[in-house]
Structure formats: C-alpha cells, structure tokens
> 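The following block contains the structure, expressed as structure tokens.
Computed from heavy atoms alone, side chains included, the values below leave out hydrogens, waters and symmetry copies.
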Amino acid sequence: MAAASAPVRPPVPAPPLRLWPGWILVTLQWLAWLGLPYLLPDAASAGILAALAGGLLVMVWWLFFSRVPWPERGLALGTMIVAVLATGRLVHPSIASGMMGLLLIILVTPLLSLALVAWAGVSRRFSRGGRRLSLAVAILMACGVMTLVRTGGITGGAASELHWRWSLTPEEELLATTASSGPTPSPSTRSAAAQNSANPASVPVGPAPLSPDRVPGTPVAWTGFRGSQRDGVVRGSQIALDWAQSAPRELWRRAVGPGWSSFAVEGGLIYTQEQRGEEERVTCYQLTNGTPVWSHADPTRFWESNAGAGPRGTPTLAGGRVLTLGATGVLNALLATNGVVLWTRHAATDTGTKVPGWGFAGSPLVLGDRVVVATAGVVACYDLPTGTLRWIGEKGGWGYSSPHVATLEGTPQIVFLNGLGAVGIEPADGKTLWTYAWKSDGIVQPAVLADGEFLLGSGSGIGTGVGVHRFAVRRGPDGWVTEERWRSIGLKPYFSDFAVHQGHAYGFDGSMLACIDLTDGKRRWKGGRYGHGQLLALAEQSVLVVLSETGDLALVKATPEEHVELARVPGVEGKTWNHPVLVGDVLLVRNDREMAAFSLAGSDISPSGPIATPK
C-alpha cells in the first residue's frame, strides 16, 4: 500500500511593510529642513544638519525596520550611491562646488528620503520586476531634479538661493544689455610706465570733465573701506530721522556687475569694483546721477559658488590715486580722474599666497608713501609712487580682514586680524611687534579704542571662537605685550562689521542687531531681523543706518537702553553684503546686481539730542 503524500503547506505570507516610521521621519526631516529657517532665520544650518540626520535615520529604517525584501533594500542603497555619483558629474558647477562641495548631498538627501518612502507606499502591489524597476526610476528622478537647478549662492545663514539652471544670472543679463547697447569704447591713453609693462588698459565709458571738485588733493569725502578710520562711523553728517515724513528719496539706480565691494568717494565721483564676464573692473561713476565715467579692466575672474563672482575689496583714495586689490590678487594704482594705469602688481605672486576659498577680500591701506595690503594672512607693503615691493610680513594663516592703522603710545602701527589672532606690525619693515592669539574667522575689522585697546570679533563658530574680545596693548621693558580685558558672547559678528559709539558696540549677532557695553562686554539688547547685513553709525545723531541682507534700509537708535527701529524702507533688490556709504546726506548702497543713491535730507535735521520714536 502506497504511503500517503505529505500535505503541501501554503507559503508563509511576507509580513506587511512597516511604513509609518518612514513617513514620520520624512515628515520631520522636511519640516526641519524647510520649516526651521522659515520660523527662525538663524536656524538654516540647524535645518541642514537635521535634514542630513533625517536622511541617515530614514536609511536605518529602510535597512533594518522597513520589512522590505532584502534584495530591494540592497538595490536601493546601491542605486542611490551610483545615482548620486553620476549626478555629481551632470549638475551645474554651482551645485557641484557649493557648500564646500557638499551642496549636492545636502539638497538631494531629503529628495531621496521622500522618494524612497513614497515608492515603498505606492509599489506594494507591483510585481517583483515592476517594484525594482520603479525603485530605480524613483531614485533617478530624485537625483535628476538636481540637474535642473543652479544656485545663486547662499545667504549668511547658509540658505541656498536656487534658480532654474537655464535662467540668466544678473551678470549675464547685464552683459547682454551692455553688448546690445553699442560698440566697446576704445582704450584710453596710458602712462609711459604702463605702456612699457604688461598692464591692462583703462577704458573710458563716458565723459570725464575736469572740475574743481575733482582736482587731486581736494578733500576726500570717503577714502575707502568703512571710511577714513575704517570704523563705519560717520562724523559731521546729519540726516532726516522721521522717514514717515521725509522718506529716503531715490536719486538714481543702475545695474552693476557682481562683487562685494563698497564705495570710495572724492568730489563728484564714486569708485567701486565689479566683475564683467572675464574682466575684473575698477569703475568710476558720477555721484549725482550714476553716469559711468571710466572703467579699468583686468583679464581675470574669481568665482566660487557660495558668494558668487567678483572682487571683494573696496577702492582706496590717496593723492589723486585709486588703489585696488582684486579677488585674485591684482593690485592696481590708477589715476583717479581717468583710470590711467600708474602701476600694477600681483600681490598673491609677490607673497607666494594661494588665492583663498572666498578670494582676497582686503582693501588697500595707505600710510604716507606706502600701500599696505593683505593676501589672506600675509601682509605686504609697496611703494605708493612706484609700486616697488618694500617688505612682506610673517605668515599668519587665513584671513579676509583689511589692514588697519593705530597709534599706540605715539607709535603708528599696522593692526591686522587673521585667523590666528591680531598682530601689530611695524610700518617701516613689516616686523611683528606683538600678537594677540585667538583662533577666529579673521574677517571683521578690529575696533580701535582709547588708550591702546582693541575689540576683535568672530561669529561663524566653524572651527573658530565666537564673540568679542577686548584686549590692551602696552610697551613693556622687553617690548610690546598684550593683556586680555574680557570676553563676551553677547555679540557674535561673522562677516558683518560692528561699530563703536559712546561706550557701546553695535553689530550683528546672527541675523539680529545687538548692543554690548564696552566696560564688561555684557549685552544690553538684541532685536530686529536684518539678516547678515552691514551698518553705519552716525555719531552726532546716535542712530544706525542699517542695510539688511535683503537690501532694506533701516534706521535704528544707537542707544543702549533698548532696540528701537525708527523706520524701514526698501533699498536694493537681492542679497546684499556690501557696506553702505554716507556722504553728506547721500546714501550709496549696492550689492551684486545693482547700486543706488538716496537722499536722506529732510526738514527734521537737528543737532544731536533725544530722538522721538514715530507713532
């Protein structure tokens, strides 16, 4: 008798997918990535970190808790790696190099997380082949989105400015406009010294009539970066304070090439630096109407994804000359009236310094017959009349600050902030006289206080200290010595410079303004939302003119009792990191796409005294 066959057991059904943890993680990831910066402007970096952490948690869920078949788990991980590597070769250069090369990973991680969880939910009833094919398609689509966009850079809070890849940049729009406006003017006559060298030509782009207020040697209204003392304090000017009755009146507005340069002003002319395609330019315009006067071009271009193209430094005026340092290290001395080249050097080559990640950002300092520049953390000195290299200082790491001048116990010194701290330098030979060690951003200008004391600031916190240090410098038996007074985190300036007024420092603490007391560094107030902008302090009227990161103009009390914003109006459009300039009652502002002049005159101008807050 045949043995009975064993009963066939039905296959054990696969456990259902565990999707709910994935949906929760992706929801929290996207809320942190997009929601945090919206609610808290200073939280963009935290949002990025949360998005990356969320992506890691989604992958942990996918590999160990999703219940997806193991072959599909491995297929997803492998496809993601291959797709991201391939996408990195196809994206726009601004995406590939942005955020120190991490922008693609930062942006694609939330997209891949969403694609993975959404696929798992939609494809449950697909066949095995259909599931695997659709999984690959979902991953490729998430990565493919990144090939359609470019970034115009990041904000001070690390938020990306995304645009369609095929859209024109403001610089491309400007170049298209100028190309269609007519032929390029012929080069101007150059000096004999320039003709005998390889110096580029200066090109006149408009009339340059001589007038008494443009004769070299006449009083200079604004010598260069942050004014004659490089402190951002305006002395002797008064403006309308009631903007409800006397709002800033626009005098003119015009497109400008990219760059983070500010202005220098002499007589009726203003000078700035900008990028025009493959040419880095020093440009001169009329103060009254913005009409171009002349333009000097150097065949070089600096660009990096985070801050974009163009020079970072600001022209310096001295003795009828315009001194400029470009983002790649080109140092020019030009005739202020017409841009004729007097001499040109390449400071980066002279000092053996590699162009730093953000470009050379310092502005030239003129001391008598010397021109002092900073190439990253190295300071160099040139002869003003001839451009002859006089000396090169000691190497000091990184740095984006400009040389500063101070007189300590009757001795003039060059003070410079680099990434390793502040140094005092002998102007005659470049010898280091003293050092105050502090690993900082090395960006904002030091503030010179009375009796040989200084303020230093740093704010990024990316491997550096944050806050403000006050220290003293004095001459001891064995040379110059430094002594720390206090440290404070009540003000944390990143690349937005601060100003000192009546015993207090006013500046940007993240995207907000803050005031600290100079006696002890304690914060007196913090308020407002201005992004990572710049400011001026008006000494006689105790007010701050604030240029926000989005281009707004604001008027804020420079008093320690509380933050009081008196008024706020639109200024220029787009990301604005450039320092504003006030000459008389004319305010000059610019960013990487346009510049404008406003009259701040009004009937309420009065001597310094209490300021009534508009109701």
Side-chain angles (χ1 to χ4, degrees), residues 213 218-253 262-270 286-290 317 447 497-507 513 515 528 530 533-548 551-572 578-590 595-615:
D213 63 354
T218 55
V220 176
W222 197 263
T223 57
F225 183 56
R226 304 190 72 217
S228 61
Q229 299 183 37
R230 299 201 161 178
D231 58 2
V233 177
V234 181
R235 299 167 180 88
S237 292
Q238 296 197 34
I239 64 172
L241 301 178
D242 186 356
W243 287 6
Q245 297 297 322
S246 301
R249 178 171 58 88
E250 183 177 314
L251 300 176
W252 53 262
R253 181 184 301 263
S262 182
F263 301 96
V265 184
E266 179 175 18
L269 299 181
I270 63 175
Q286 292 183 7
L287 174 63
T288 54
N289 53 24
L317 299 174
D497 282 287
F498 58 93
V500 172
H501 176 63
Q502 295 185 354
H504 296 83
Y506 299 85
L513 284 182
C515 167
Y530 305 96
Q534 303 290 352
L535 58 78
L536 295 169
L538 275 64
E540 281 76 19
Q541 292 179 292
S542 293
V543 292
L544 306 174
V545 175
V546 181
L547 180 59
S548 79
D552 288 346
L553 303 175
L555 197 62
V556 177
K557 281 188 176 183
T559 52
E561 290 75 24
E562 60 180 334
H563 169 262
V564 177
E565 182 179 283
L566 300 171
R568 188 168 183 154
V569 298
V572 289
N578 313 63
H579 288 73
V581 168
L582 183 65
V583 180
D585 56 22
V586 176
L587 180 69
L588 297 169
V589 296
R590 66 159 290 188
M595 62 180 181
F598 297 88
S599 172
L600 303 187
S603 58
D604 67 327
I605 296 177
S606 59
S608 177
I611 302 171
T613 305
K615 298 181 185 282

> Hey, are the side chains of Ser548 and Arg568 touching, using non-hydrogen atoms and a 4.5 Å cut-off?
yes
> Using side chain to side chain contact (heavy atoms under 4.5 Å, CB included) as the criterion, list what pairs up with Glu250, not counting sequence neighbours.
Arg253, Phe598
> Going by side chain to side chain contact (heavy atoms under 4.5 Å, CB included), name the residues that satisfy it together with Ala597, two or more places apart in sequence or in a different chain.
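Residues passing side chain to side chain contact (heavy atoms under 4.5 Å, CB included) with Ala597: Leu251, Trp252, Val586, Leu588.
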> Please report the shortest heavy-atom distance between Phe263 and Trp222, naming the atom on each side.
O-CD1, 3.4 Å
> Contact between Leu536 and Leu544 at the side-chain level, heavy atoms closer than 4.5 Å - yes or no?
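The answer is no, as the side chains (C-beta and beyond) never meet within the 4.5 Å cut-off.
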> Check Ala447 against Phe498 and note the closest heavy-atom contact, atom names and distance.
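Smallest heavy-atom distance, with atoms named: CB-CE1, 3.6 Å.
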> Evaluate Val545 against Leu535 for side-chain contact (heavy atoms from CB on, under 4.5 Å), listing each step before the verdict.
CA-CA 6 Å; Val545 175; Leu535 58 78; over 6 Å; no
> Quick check against the 3.5 Å criterion: does Glu540 have a side-chain atom that pairs as donor or acceptor with the backbone of Gly236?
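At least one qualifying donor-acceptor pair exists.
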> When rounded to the nearest 0.5 angstrom, what distance separates OG in Ser262 from CZ in Arg590?
8.5 Å
> Where is the tightest heavy-atom contact between Ala240 and Leu555, given as atom of each residue plus distance?
O-CD2, 4.1 Å
> Check for a donor-acceptor pair, side chain of Gln238 on one end and backbone N or O of Gln541 on the other, with a separation under 3.5 Å.
no
> Can you list everything that forms a ring-ring contact (aromatic ring centres under 6.0 Å, His included) with Phe225? Sequence neighbours excluded, please.
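Partners of Phe225 by the ring-ring contact (aromatic ring centres under 6.0 Å, His included) criterion, ordered by chain and then number, come out as His579.
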> Show the nearest heavy-atom pair for residues Gly571 and Leu553, with the distance to one decimal.
CA-CG, 4.0 Å
> Check for a donor-acceptor pair, side chain of Tyr506 on one end and backbone N or O of Ala558 on the other, with a separation under 3.5 Å.
yes
> Identify the two heavy atoms, one from Pro580 and one from Leu587, that lie closest to each other, and give their separation to 0.1 Å.
CB-CD1, 4.1 Å
> Mind running side-chain contact (heavy atoms from CB on, under 4.5 Å) on Val556 and Leu566 for me, showing each step along the way?
CA-CA 5 Å; Val556 177; Leu566 300 171; over 6 Å; no
> In Å, rounded to the nearest 0.5 Å, how long is the span from CG of Leu269 to CG of Leu287?
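If I round to the nearest 0.5 Å, the distance is 8.5 Å.
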> Just so I know, are the side chains of Arg235 and Gln229 near enough to count as touching, which here means a heavy-atom distance under 4.5 Å?
yes
> Just jot down the side chain to side chain donor-acceptor pair (under 3.5 Å) partners of Tyr530, sequence neighbours excluded, or say none.
His563, Glu565
> Under the rule for side chain to side chain donor-acceptor pair (under 3.5 Å), what residues qualify as partners of Ser237, not counting sequence neighbours?
none
> Using side chain to side chain donor-acceptor pair (under 3.5 Å) as the criterion, list what pairs up with Arg249, not counting sequence neighbours.
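By the side chain to side chain donor-acceptor pair (under 3.5 Å) rule, Arg249 matches no residue at all.
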> Determine, step by step, whether Gln534 and Asn578 satisfy the side-chain contact (heavy atoms from CB on, under 4.5 Å) criterion, reporting the C-alpha distance in whole Å, the side-chain angles of both residues, the deciding distance to 0.1 Å, and the verdict.
CA-CA 7 Å; Gln534 303 290 352; Asn578 313 63; over 6 Å; no
> Specify the closest pair of heavy atoms between Ala601 and Ser246, including all atoms of both residues, with the distance to one decimal.
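Heavy-atom minimum between the residues: O-CB, 4.3 Å.
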> Go through the steps for Val265 and Val581 under the test side-chain contact (heavy atoms from CB on, under 4.5 Å), then give the verdict.
CA-CA 9 Å; Val265 184; Val581 168; 4.2 Å; yes
> Any side-chain heavy atom of Ser542 sitting closer than 4.5 Å to one from Lys557?
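No - every pair of side-chain heavy atoms lies 4.5 Å or more apart.
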> When rounded to the nearest 0.5 angstrom, what is the spacing between CG in Asp585 and CG in Leu600?
7.0 Å
